[in-house]
Amino acid sequence: MKDRLTEELLAMRAAQEIRPGDYCNLGIGLPQLCASHVPAGAIVQSENGALGYGPLVGPDDVEKMDLDFIDAGGSFFTPAPGMAFFDMSTSFTMIRSGRLMSFLGGLQVSEKGDLAIHSLSDTDEFPQIGGSMDLAWGAKRLVILMTHNTSDGKSKVVKELTLPVSARKCVDLIITDLAVIEVTSGGLALMECTPGWTSEEIQEQTEAPLKVADDVKEMEF
Amino acid sequence: MKDRLTEELLAMRAAQEIRPGDYCNLGIGLPQLCASHVPAGAIVQSENGALGYGPLVGPDDVEKMDLDFIDAGGSFFTPAPGMAFFDMSTSFTMIRSGRLMSFLGGLQVSEKGDLAIHSLSDTDEFPQIGGSMDLAWGAKRLVILMTHNTSDGKSKVVKELTLPVSARKCVDLIITDLAVIEVTSGGLALMECTPGWTSEEIQEQTEAPLKVADDVKEMEF
Amino acid sequence: MSEICTADEAMARVHDGDMIAAHNWGISGSPGYLFRALVERGVKDLTLCIPNLIPLPEGFVERGLTDPTILIPQLKKIISPFFGARGIMSRFSEAFFDTLAKEGRLEIEASAHGSLMERLHAGAMGLGGVYSPVGVDTIVEEGKEKRTIDGVDYIFERPLRPDVGLVKADKADTLGNLVYRGSARGANPVIAMASKYTIVEVFDVVEPGVLEPEMIVTPGVFVDCVVRIPDEDVYSEKRRPELMQLLAEVMLARGVQSEAADIEGGEE
Amino acid sequence: MSEICTADEAMARVHDGDMIAAHNWGISGSPGYLFRALVERGVKDLTLCIPNLIPLPEGFVERGLTDPTILIPQLKKIISPFFGARGIMSRFSEAFFDTLAKEGRLEIEASAHGSLMERLHAGAMGLGGVYSPVGVDTIVEEGKEKRTIDGVDYIFERPLRPDVGLVKADKADTLGNLVYRGSARGANPVIAMASKYTIVEVFDVVEPGVLEPEMIVTPGVFVDCVVRIPDEDVYSEKRRPELMQLLAEVMLARGVQSEAADIEGGEE
C-alpha cells in the first residue's frame, strides 16, 4: 500500500496556508501540530484566551513549562513579546469577528462544506463541542485537517454527513493525508495530491465526487 | 417664605443613606455633591468606568486635576488605593447587576415610584437619557435627589408623571429640599420634614397624597 | 495585521454612508484627532454611534480641538443616549436643524447607555438581537418589538456593527495591542471589538513586549490601523498640560462646575 | 463589600438546588480548592455551568487535587460544551451513569463555548435572551426557538444567572478586586459578573493599592467572598512547582501529549 502523509507532513503543508500578518486559531489535534510551522509574523490565537504566544514547549523542556500558559489543547506554550491574555467572552468575540482564520480537525466534511467534528453519535451522552461550532461559524477562512479515511477505511470526505453536523457550509479547504481539496460553489476541487498518488487513486478513496483542478499538482513541503 | 434646604444640606442628608461597605453610583447634578459626604468604607461608582476613586478636586486644586480621571458628570476626581477602571460594557453590567445603590436627580417622581429624568418633552429632539434608564432599572436601591418644586412652583412629586417616563416603579426613596419620602406599596410615606416645615405645609407643596409616618421626624444632618 | 499610518491614510477607509462609532465623554478618551481628520475627509451621510454628544466649551475649538458635534453636517443619523443640547444649539443655528429636519437629513435615535453598549456587543458577537429590560414604556421602545419572558417585559434591541470604529487609546504596540488610562477607557474597547474596521489614535507606539500581556485591554487582532498623534499637535501627549490648563480656566470661570456641566437638562 | 473568609464559611452560602458556575480547562484557572470544599459541603441537586468537564490525569486526585467531575454525584444537571468523556467514564462506572439516567437524576445540556459565554453575559446584563447564529441545525438547537433575521438563522439562547460563582484568581486585594495570570483567566471574569454570589479562591490577598487600577480585571463589586488558599495546601502557590513536576511526569509518560489530550473524541 502506498504511503500517506505523516501527521507532521500534513501539519507542514497546512501551515503553508498561513501568511505573515494572519491571525489563526489552531484547534485541538492535528492543527496543534502546526504551531511549530507557523511563519514568522503570523499570530496564533487560543480559544481559552491567549493571542500571539510563542512555540509550544517540547517534552524535553519541562523546566520551561508554566502552569498558566496553556493552549486550548492543554499544551504548554512559551511567552512571546506582544502576546495578550483575555477572558473567554473576549476570546469568542474574536472568534466570531471574522478576523481569524481557523484550523480545525474533522470527523467528516461534505461536498457542500458541512462539517462534523463534535460527536460520533446523535445519542452521545458526552458531546465534545468546545469552541468548534463558534470557530466554524466565525472563521474568515476555515481549513479542516484530518485523515482522509477512518481507521476502517471509510471516506471522511462525503456526499452528505452521516455524523451529527457541527456547522453547515463553513469549510473552505480540506487538507488530508492524501489531498488538498477546495470547497467551491460547484463542489469539491482536487488541488493537490500526496506524492505518489494519482487523482484517480484519491477519488477511489473519496465518497464525494472530486473535480480535478486544471492546475492540480503534487503537494510540496 | 420658609427656608428650604440648601443643595449642600440636601446632599448631606442624602449621603446618610450610604453605609460603609455600600457601592453607590452618584448621578449628574445633586447626587454629585454627595461625593464629599460619602462615609469611609463606602465605594463610589461612575458609569463611564471607574470604581472606588477618591474625593472630587475642588476649584482651588487645579494642579491636582488629571484629564483622565473624570466622573460621569465630567468632574475631576482624585485617585484612591484600590480604585479600578473598566470599559463601559463592564460598567453597565455592574449597574444592571443589582449590586449598586444609585442616587439620581429627577424631574418628576410619581406616587407609584415612576421616574421622569431624561427629557422635558415628548418631542424633545435631543433627549438626555445617558445611564439613567439603566441605573433606575438595575439599582439595588434607588434614591432620587431633587428640588421639591419646579422653579415656577409646581410639585415634582406627582400622582401621575406628565413628563416622559424614564423607568416605571423604580424609586425607593425621594429626598427633596422639603422632605424625605419613602415609596411604599401603599403609596408615599412622609418620613422626615425639613426643619421649620410641618407635614401639612409639605403636603400643600405636593400633588401626590402623603401618608405621614407614625415616627415622622425632623431631618438631621 | 495592524498597520501604523497617518490619520489621512486611515480616513481613506471611510466612505459615504458608513456607520461610524466613537467614544465621547468630554475630551479624555474621545478620538478628537480622528474627528478632525474625518471632517477633512469630507465624506457624508454617515451614521454616528456615540455614548454622548458633548460640545466642547468655548475657547477649545478655536485652539484646533474638535468635538463630535462638528461632524453633524456630515451625518444622516445619530444613535446616542445623550445630547449636550444647549451646546449643540448654540453651535448650530436653529434654522440649520430645521433645514436638516425638513430635508429628512438628520435622524436622531435615542438609546440608553447600557443598551448602546449591549447593541455593540451583540454586533461584535454576531447576534441577531437581544431582549433588554431597560427602556420599557419609554421613548426608547418606539418601533421595537416587545416581549414578555418569565413575566418580565423586554424590548428587542438590534445589533450594531459599525463599518468603522474610531478609537482613542493611550498607547499601542506595533502589533496593535492597546492600553488605556483611567476613565479614558470608556466605550473604546467595546467599539474596537464591534467595528469591521478599527482605527486608533494613540499618544505613543511602542515595541511588542513593552505592554505587559496582562495589561493589554484590546488585543491587536481588533485593530486595523494605528495613528500616532504627531508631537506638535494640540492633541499630543506633550501638549496635554496646556489642555488641562485651558480646562481649568473654563472650570474656574464657571465656579464649581465641571467640563460637562452644561449637559444637564432643564430642571436638573 | 467583599469579605475575606475560609472555604467552609463561603460554602455555607451554597444550597441544594443552586446553579453553580465555574471555570475548567485543566488545573490552571479552575477553582479546585473550592470544588473540594463543595464536595465536603455535601449539598445536592446542583446545576453546574462549566466550559469544560475535564478529569485530571491519574495520580492527581490521590494527592488531594479535585477536578469538577468529582462533583457529578451532587449534580442534577450539567450545562457544558465539552465533556472529557473517556476520563469521566473511567472514573465512574457505566452502571453509575445508567442509574443516574434511569432515575432522571443527571441531565446533560450541550452548548457551544461562545454561546455559554454569551448566556452568562446575558444573565449579567439582565437580558431576557439573545439570538445566536452558532449551533443552527445542530443538537444545540433542540427545543429552542429559531428565528430568521435579515436572512440569517438564529437560535434563541436563554440567559444564565448562576446562584453562586466559584472563581479562581491569582490575587485579590481586601476590596475584592481581582487579577489573573496568563491563560488562567478563562471564563473566570465572566462568571464573577454573571453570578448572584461570587466566591473566589486566590493565592494571595494584598492591601488596596497594590494592584494597579489599570490591571484590575474583575472589580471588587462583583466579589462577595475571598478565600485565601492556606500555605500548606496542595493548591497553594508554594506547592505549584510540585504540581508542575507531577504534570510534567504525566506528559513525559504520554510522549508529546498534553494535559488535556484525552479530551479528544473518536477519530481525532
Nearest-0.5 Å distance that lies between atom CG in D:Leu247 and atom CG in A:Leu67: 6.5 Å
Closest heavy-atom contact between A:Asp134 and D:Ser115? OD1-N, 3.9 Å
More than 12 heavy atoms of other residues, nucleotides or ligands under 6.0 Å from CD of D:Glu237: is that the case? yes
Let me confirm one number: the CD1-CG distance from A:Ile129 to D:Asn52, rounded to the nearest 0.5 Å. 11.5 Å
In Å and rounded to the nearest 0.5 Å, what is the OG to CZ distance from D:Ser28 to A:Phe76? 8.5 Å
Under-4.0 Å salt bridge between A:Asp66 and D:Arg240: no
Test your reading of the model: is there a side-chain donor-acceptor pair from A:Gln128 to the backbone of D:Phe82, 3.5 Å cut-off? no
Which bit of D:Leu243 is near chain A, if near means a heavy-atom gap under 4.5 Å: side chain, backbone, both or neither? side chain
From D:Ile191 atom CD1 to A:Ser89 atom OG, the distance as rounded to the nearest 0.5 Å: 11.5 Å
Close side-chain approach of D:Glu118 and A:Phe92, heavy atoms under 4.5 Å: no
Below 4.5 Å, heavy-atom pairs only: which of D:Gly186, D:Gly135, D:Ala184 has the largest tally toward chain A? D:Gly186
Where does D:Ser111 contact chain A at under 4.5 Å (heavy atoms): side chain, backbone, both or neither? backbone
With a sphere of 6.0 Å drawn around CG of A:Asp3, does it hold more than 12 non-hydrogen atoms of other residues, nucleotides or ligands? no
Is it the case that atom NZ in A:Lys64 sees more than 12 heavy atoms from other parts of the structure closer than 6.0 Å? no
If I measure from the heavy atoms of chain A, does D:Asp137 come under 4.5 Å with its side chain, its backbone, both, or neither? both
Ignoring hydrogens and angles, tell me if any N or O in the side chain of D:Ser183 forms a donor-acceptor pair with the backbone of A:Gly49 under 3.5 Å. no
Chain A contacts, top residue of D:Gly29, D:Ala112, D:Ala248 (heavy-atom pairs, under 4.5 Å): D:Ala112
Hey, does A:Ile70 have a side-chain heavy atom less than 4.5 Å from the side chain of D:Ile27? no
Do D:Glu249 and A:Val62 pass the side-chain contact (heavy atoms from CB on, under 4.5 Å) test, and can you show the C-alpha distance, the side-chain angles, and the key distance before you say yes or no? CA-CA 9 Å; D:Glu249 281 164 27; A:Val62 172; over 6 Å; no
Check each atom of D:Pro51 against the heavy atoms of chain A and say whether the ones under 4.5 Å are side chain, backbone, both or neither. side chain
Return yes if some donor-acceptor pair links the side-chain N/O of D:Trp25 with the main-chain N/O of A:Asn48 below 3.5 Å, else return no. no
Do A:Asp68 side-chain atoms and D:Gly182 backbone N/O form a donor-acceptor pair below 3.5 Å? no
Heavy-atom count around D:Lys146 NZ within 6.0 Å, excluding the residue itself: above 12? yes
Could you tell me the separation between the CE atom of D:Met117 and the CD atom of A:Glu47, rounded to the nearest 0.5 Å? 10.5 Å
D:Pro189 versus A:Met88: any side-chain heavy-atom pair under 4.5 Å? no
Counting only non-hydrogen atoms closer than 4.5 Å, does A:Pro127 touch chain D with its backbone (N, CA, C, O), its side chain (CB onward), both, or neither? both
Side chains of D:Val140 and A:Met133: does their closest heavy-atom pair fall under 4.5 Å? yes
Within this structure, what is the CG-OG1 distance for the pair A:Leu115 and D:Thr138, rounded to the nearest 0.5 Å? 11.5 Å
Sequence-distant partners of A:Pro39, side chain to side chain contact (heavy atoms under 4.5 Å, CB included), two or more places apart: A:Ile18, A:Pro20, A:Ala42
